[in-house]
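Below is one structure, written out as C-alpha cells; comments come after it.
Just so it is clear, the values below take in all heavy atoms, side chains as well, and ignore hydrogens, waters and symmetry mates.
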Amino acid sequence: MEGKEEDVRLGANKFAERQPIGTAAQSQDDGKDYTEPPPAPLIEFSEFYSWSFYRAGIAEFVATFLFLYISVLTVMGVVKEPTKCKTVGIQGIAWAFGGMIFALVYCTAGISGGHINPAVTFGLFLGRKLSLPRAIFYMVMQCLGAICGAGVVKGFMGKTRYGTLNGGANMVAHGYTKGDGLGAEIVGTFVLVYTVFSATDAKRSARDSHVPILAPLPIGFAVFLVHLATIPITGTGINPARSLGAAIIFNKDKGWDDHWIFWVGPFIGAALAALYHVVVIRAIPFKSK
C-alpha cells in the first residue's frame, strides 16, 4: 500500500493544476505569449493626415449601406405577404441580419475593424480600442451608409408600398411597453458587444490559436440569435444606425415615437458590455503595472 500511496503522491505533484482559480488565475500573464494592445489615445491628431483613417470610414459607410440594403429588403419581403408561410419568416430575417454581419465583418475587419454599428464603436471606444475622433467619424459614416441603404430599398419598393409596410423601421410592438423595448435593446446589445470583445480579445486569440474560428462567425451568430429573440418585441434594433436609416427614409410619426429607445438602449448595453469585459473578464484595472 505504501508503494501505491507514493505513486499517487508523485503523480499529483507531477501533473500540477493547469487552470488555477480565484486570484491565482489573474497572475497568468507572467510569461504570456501574446501582446496586449496599448490603450488608444483619446485624441490622435496624426490620424487626420493618414489615408487609412479615411479609408476606414469609407469601409464603414459601404458596409453599413450593404447591411441596410440586404436586411431591410428582407424585412420588406416578409411583411408584404399576408401569410408568413410564403416568406422566409422571422428566421429568415434573423439569418439575413446575422449572415450579413458575418460577411461584412469578415470583409472589413482588416480595414476598419468591421464595426458597422455605432453601439459597437461606442463600446470599443469605452474599452480604449480606438480614439474619440475615429469613433465619431465611424458613427457618422455608419449612419450615412444606413440612410443610403434604406433609401435604395425605398426606391425598389416604391414610396406607397414602402410607407404601407412601415419601411422596416424599429418600433415597440403592441402589447409591450417602452420599458420592455428598452430592456430588450439593452440586453440584446450587451450580448452583441460582449461577443465582439471576446471574439477579438488578444489573450483569447493567443490561448486558442489552435482553434480555427473566425472572429466574424460568433459575432454574426450573436446577431442572429438576438434577432430571433427580440424581433417580436422591437423588430430588433441593437444598431442605432440601422434604426436611424430606416426611420429617416420612412419618416412618419410612428417611426419616431419610440426612436430614442434604439439609441439609449444600445448605448447602455454597449457600455455595460465594455465595463464587464474590462473589469470582470480581463480584470485590467487590477493588474499590476
Does Tyr106 OH have over 12 foreign heavy atoms under 6.0 Å away? no
Tell me whether Lys159 at atom NZ has more than 12 heavy atoms from other residues, nucleotides or ligands lying less than 6.0 Å away.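 No, NZ of Lys159 has 12 or fewer neighbouring heavy atoms, counting only those of other groups under 6.0 Å.
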Donor-acceptor contact below 3.5 Å, side chain [X] vs main chain [Y]:
X: Asn170; Y: His259; answer: no
X: Arg242; Y: Gly237; answer: no
X: Thr108; Y: Ile111; answer: no
X: Thr236; Y: Ile231; answer: yes
X: Tyr162; Y: Gly167; answer: yes
X: His277; Y: Ala273; answer: no

As an exercise, state the distance from [atom1] of [X] to [atom2] of [Y], rounded to the nearest 0.5 Å.
X: Arg134; Y: Ser52; atom1: CZ; atom2: OG; answer: 6.0 Å
X: Ile90; Y: Thr230; atom1: CD1; atom2: OG1; answer: 10.0 Å
X: Leu132; Y: Ile43; atom1: CG; atom2: CD1; answer: 6.0 Å
X: His227; Y: Ile101; atom1: NE2; atom2: CD1; answer: 8.5 Å
X: Thr189; Y: Ile238; atom1: OG1; atom2: CD1; answer: 5.5 Å
X: Phe61; Y: Ile116; atom1: CZ; atom2: CD1; answer: 13.5 Å

Before giving the answer on side chain to side chain contact (heavy atoms under 4.5 Å, CB included), spell out for Asp180 and Val172 the whole-Å C-alpha distance, their side-chain angles and the decisive distance to 0.1 Å. CA-CA 8 Å; Asp180 296 332; Val172 178; 5.7 Å; no
If we only count heavy atoms from C-beta on, is the [X] to [Y] side-chain gap below 4.5 Å?
X: Phe197; Y: Leu124; answer: yes
X: Ile281; Y: Tyr194; answer: yes
X: Met139; Y: Phe122; answer: yes
X: Phe97; Y: Phe102; answer: no
X: Ser131; Y: Glu47; answer: yes
X: Leu225; Y: Val191; answer: no

Looking at every non-hydrogen atom in both residues, tell me the closest pair between [X] and [Y] and how far apart they are.
X: Phe137; Y: Gly57; value: CE2-CA, 3.5 Å
X: Cys143; Y: Trp263; value: SG-CH2, 3.9 Å
X: Pro118; Y: Asn239; value: CD-OD1, 3.3 Å
X: Ala96; Y: Thr74; value: CB-OG1, 3.6 Å
X: Ala274; Y: Leu126; value: CB-CB, 4.1 Å
X: Gly255; Y: Met171; value: CA-CE, 4.3 Å

Is the distance between the ring centroids of Phe221 and Phe224 less than 6.0 Å? yes
Check step by step if side chain to side chain contact (heavy atoms under 4.5 Å, CB included) holds for Met141 and Thr64. CA-CA 8 Å; Met141 297 301 281; Thr64 315; over 6 Å; no
Side-chain H-bond candidate by donor/acceptor type, [X] with [Y], under 3.5 Å:
X: Asn166; Y: Lys252; result: no
X: Ser198; Y: Asp201; result: no
X: Ser112; Y: Glu60; result: yes
X: His115; Y: Thr121; result: yes

One pair to check against ring-ring contact (aromatic ring centres under 6.0 Å, His included): Phe48 and Tyr54. What are the steps and the verdict? CA-CA 8 Å; Phe48 299 115; Tyr54 300 100; 7.6 Å; no
In a check of side-chain contact (heavy atoms from CB on, under 4.5 Å) between Leu68 and each of Val72, Ile70, Leu66, which one passes? Val72
Steps toward side chain to side chain contact (heavy atoms under 4.5 Å, CB included) verdict (Thr234, Phe262): CA-CA 9 Å; Thr234 62; Phe262 302 100; 3.6 Å; yes
Tyr138 vs Leu130, test: side chain to side chain contact (heavy atoms under 4.5 Å, CB included). Steps then yes/no. CA-CA 10 Å; Tyr138 277 16; Leu130 71 165; 4.1 Å; yes
